[in-house]
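Taking it in order: structure first as structure tokens, then the write-up.
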Amino acid sequence: GTGKVTATPINGDVEYLSPVNIGGQTLNLDFDSGSSDLWVFNSQLSTASQTGHTVFNVAKSQTLQMMTGATYSISYGDGSGSAGNVGTDTVNIGGATVTSQAIELATAVSASFVEDTASNGLVGLAFSKLNTVKPTQQKTFFDNAMPNLAEPVFTADLRSNAVGAYEFGAIDTSKFNGTMQWAAVNTTNGFWQFSSEKFQVGDATPMAVPGGQAIADTGTTLMLTSAAVVNAYYANVQGAVNDQQVGGVTFPCNSQLPDLQFDVGGSFMANVKGSDINFAPVDNAGTTCFGGVQAIQSNLQIYGDIMFKSQFVAFNGGNNSIGMAPHQ
Ligand SMILES: N[C@H]1[C@H](O)[C@@H](Sc2ccccc2)[C@@H]2OC[C@H]1O2
């Protein structure tokens, strides 16, 4: 079978939310190719933590079965996190259905999740080895669904300020231009990780990347790479400054940002459109804008939604590869 759901950007493309049916109840969740837990806001949470959210009502599902003694606890790269207990239920994502999917039921969530009222939980789509359920680690929705999918793939079609889609079991070739190019994924760390050793602006000298590795992470808003690459890129942008106050590089909103190409698996260069690197204004007048490409201190670069807005991406769990092509 296959399944397809909308991916709706919220708050200026900060994150993308998709409807998921769990035991007959539909929640908008954040699909995250950078983690491997499916957890939801639910009726066990404190009233305060539930404020503003649509919660999964554990009493209302006819098919929920609690997993005795099972717990989870997850913390994310940005310091947020959640923890709770675990059950299994039927999960239907746009027609792709898993009858006994581990559903992690938060009994505690960090402030940033409570405040983010648009999101009622996450669907982890990285590799199951990262799942945090104890004592028995659980499989992701994709791992459970794969045997029944027409093809062992899911795709992310994320758009700038427009509704896109996640699809399971098929690659819709009408959604991208040209031929999709593929690279090997190294699953050792549990991420959709591939080598990415260089960046290039126009036909300038390519910039090397320390560590030369990146992950494709739909749950990260920006594109995070080395400070050297960030500085070299914004050297092309008049008025770009690294503003500690704001927390990264800003530039005049009317800047003509150059495209940025990045190496994928040593086999091809994929392009991020300059227009997608203008992430958002930082001031009410809309004079100064925050860059979509920012620096992290890590040998593992994180290609988040800024990259996905320029590239249609396919994740192949059959042969552990990642495919990219410019959006149609
Ligand atoms: N894979 C990512 C994950 O989806 C988010 S969790 C999240 C936190 C608050 C709001 C929305 C989502 C967090 O930032 C980067 C990395 O960890």
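Both ligands and their constituent atoms are indexed starting at 1 by order of listing.
Between Phe176 and Phe312, the angle of the ring planes lies from 30° to 60°, which puts this pair in the tilted group.
Judged purely by atom type and a 3.5 angstrom limit, Asn28 has no side-chain atom pairing as donor or acceptor with the backbone of Ser119.
Few gaps surround NZ on Lys129; more than 12 heavy atoms of other groups in view lie less than 6.0 Å from it.
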Go ahead and list the nitrogen or oxygen contacts between ligand 1 and the protein that come in under 3.5 Å, distances to 0.1 Å, or just say none.
residue  : atom  : partner : partner atom : Å
ligand 1 : 1 (N) : Asp32   : OD1          : 2.9
ligand 1 : 1 (N) : Asp32   : OD2          : 3.2
ligand 1 : 1 (N) : Asp217  : OD1          : 3.1
ligand 1 : 1 (N) : Asp217  : OD2          : 2.9
ligand 1 : 4 (O) : Asp32   : OD1          : 3.3
ligand 1 : 4 (O) : Asp32   : OD2          : 3.0
ligand 1 : 4 (O) : Gly219  : O            : 3.4

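Applying the disulfide (SG to SG under 2.5 Å) test to pairs two or more places apart or on separate chains, those with a residue in residues 208-265 are Cys253-Cys289.
Closest approach of Gln25 to Asn57, counting heavy atoms only: OE1-N, 2.7 Å.
With Lys273 as the partner, the side-chain contact (heavy atoms from CB on, under 4.5 Å) test is satisfied by one option alone out of Ser160, Ser310, Pro258: Ser310.
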